[in-house]
Amino acid sequence: MPELPEVETVRAGVEKHVVGRTVATAEVLNPRAVRRDLAGPDGFAAAMAGRTFLRAERRGKYLWFALDDGGAQPSRISQEDLGAQAEPPSEALLAHLGMSGQLLVGDPDRPLSPHVRARFTFADGGADLRFTDQRTFGHLMTVPLVYPDDKSRVVPEPIKHIAPDPLEDAFDPKDFAARLARKKTQVKRALLDQSLISGVGNIYADEALWRAKLHWARPTDTLKRSEVSRLLDAVRDVLTEALKAGGTSFDALYVNVNGESGYFDRSLNAYGREGEPCGRCATPIRRDSFMNRSSYSCPRCQK
DNA sequence: ACTCCCCCCTGTTAGC
DNA sequence: TGCTAACAGGGGGGAG
């Protein structure tokens, strides 16, 4: 389900409702939810107990929450340590929502839905945090925080290969253009390649290509400089507008990932609009089969 | 080293 | 009404 705007909405919700709080218990209800965590379900749950959420961060479609060390400090503190600055967090809870994942914050006594895969309660006795995921493509894991090759920013070790997303400072448009030019692939595949540019999924790829008037199958090495910058502007614009317009509803006790209502009906120009008139030229939008999915485009605007 | 495709799941819906 | 097939917004891993 979620692409960058939806994941950012979730990040902001967790930041507001969970950061600063200390986990009392962690429970894994479906082991698939932590399949990438080497410690397994029990190890994951044990590792999370007693940890405090320090920050809520995001790159592309990945979320992570820096954790304190859980009170595992040495019992005797040396003079050097007393004078030293506090160590930056070295570990985090990494989350990917996959196709259907949600992070929900709410009354700890509310009924457990059948799709809850993991649950965290907090030492303050307040709202709990539930990882809900119908299709179980999403996952959680505890991970070390490291510097990626570009040293731009500390990120979880397993996502070192994920490129900066176009809304973060570390994103370098020149570097993107250079790498794009070297690729031998179609422009839509490149937009979906999270190691080249992150945060864009099938919907926003189609929307950005429509805005930039580019055909999805266009070979990347034939794109002119002006076309690349047009594309990048379109990507940034559509993500930014979706973030604003799609502001998913969540109240004090609820973080909602469902961005379908509201934004989708009003603002999509291509995605899911097969047969409907193009907003620019009224030509019916066409649907092509692409990577076992769909690609929507205007046959007239996007040659 | 790169690119591409399969496949991990469950639920909904269109079509017969 | 009930069955089946297609499809759904992701990404890792391995084949080529």
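So you know, we letter chains A, B, ... as the sequences are listed, proteins then strands, and number each from 1.
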S.K.: Return yes when atom CZ of A:Arg300 has more than 12 non-hydrogen atoms of other residues, nucleotides or ligands closer than 6.0 Å, and no otherwise.
M.R.: no

S.K.: Answer yes or no: does a side-chain N or O of A:Ser294 lie under 4.0 Å from OP1 or OP2 of C:dA8?
M.R.: yes

S.K.: Return no unless some side-chain N or O of A:Lys61 is found under 4.0 Å from OP1 or OP2 of C:dG11.
M.R.: yes

S.K.: Nearest of C:dA8, C:dG10, C:dG12 to any side-chain atom of A:Tyr62?
M.R.: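 For the A:Tyr62 side chain, the nearest candidate turns out to be C:dG12.
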
S.K.: A:Arg117 near the nucleic acid: base, sugar-phosphate alone, or nothing, with a heavy-atom cut-off under 4.0 Å?
M.R.: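 Nothing, no heavy atom under 4.0 Å.
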
S.K.: When you check the phosphate oxygens OP1 and OP2 of B:dC9, does a side-chain N or O of A:His115 lie under 4.0 Å from one of them?
M.R.: no

S.K.: How many whole angstroms separate atom CE of A:Met141 from atom P of C:dG11?
M.R.: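 Those two atoms, CE and P, are 15 Å apart.
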
S.K.: Ignoring backbone atoms, establish whether A:Arg135 has a side-chain N or O less than 4.0 Å from OP1 or OP2 of B:dT12.
M.R.: no

S.K.: Which nucleotide in the set C:dG11, B:dC9, C:dA8 lies at the smallest distance from any side-chain heavy atom of A:Tyr296?
M.R.: C:dA8

S.K.: Does A:Arg189 put a side-chain nitrogen or oxygen below 4.0 Å from OP1 or OP2 of B:dC5?
M.R.: yes

S.K.: Among the candidates B:dT3, C:dA8, B:dC9, find the nucleotide nearest to the side-chain atoms of A:Phe137.
M.R.: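 Comparing B:dT3, C:dA8, B:dC9 against the side chain of A:Phe137, the answer is B:dC9.
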
S.K.: In the strands shown, is C:dG10 matched to any nucleotide by a Watson-Crick or G-U wobble pair with both distances under 3.5 Å, and which?
M.R.: B:dC8

S.K.: Determine, step by step, whether A:Arg211 and A:Glu207 satisfy the salt bridge (Lys or Arg N to Asp or Glu O under 4.0 Å) criterion, reporting the C-alpha distance in whole Å, the side-chain angles of both residues, the deciding distance to 0.1 Å, and the verdict.
M.R.: CA-CA 6 Å; A:Arg211 288 177 183 228; A:Glu207 292 302 303; 5.3 Å; no

S.K.: Heavy atoms from C-beta onward define the side chain here; which of B:dC8, C:dC7, B:dC4 lies closest to that of A:Arg287?
M.R.: C:dC7

S.K.: Can you tell me if the side-chain N/O atoms of A:Thr185 get under 4.0 Å from OP1 or OP2 in B:dC4?
M.R.: yes

S.K.: Determine yes or no for a side-chain-to-main-chain donor-acceptor pair under 3.5 angstrom, with A:Arg189 supplying the side chain and A:Gln186 the backbone.
M.R.: no

S.K.: Determine the contact category for A:Arg36: base if any of its heavy atoms lies under 4.0 Å from a base atom, sugar-phosphate if only primed atoms, P, OP1 or OP2 are that close, otherwise nothing.
M.R.: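 Sugar-phosphate only.
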
S.K.: Starting at the 5' end of DNA chain C, which residue's closest nucleotide do you reach first, A:Gln134 or A:His161?
M.R.: A:Gln134

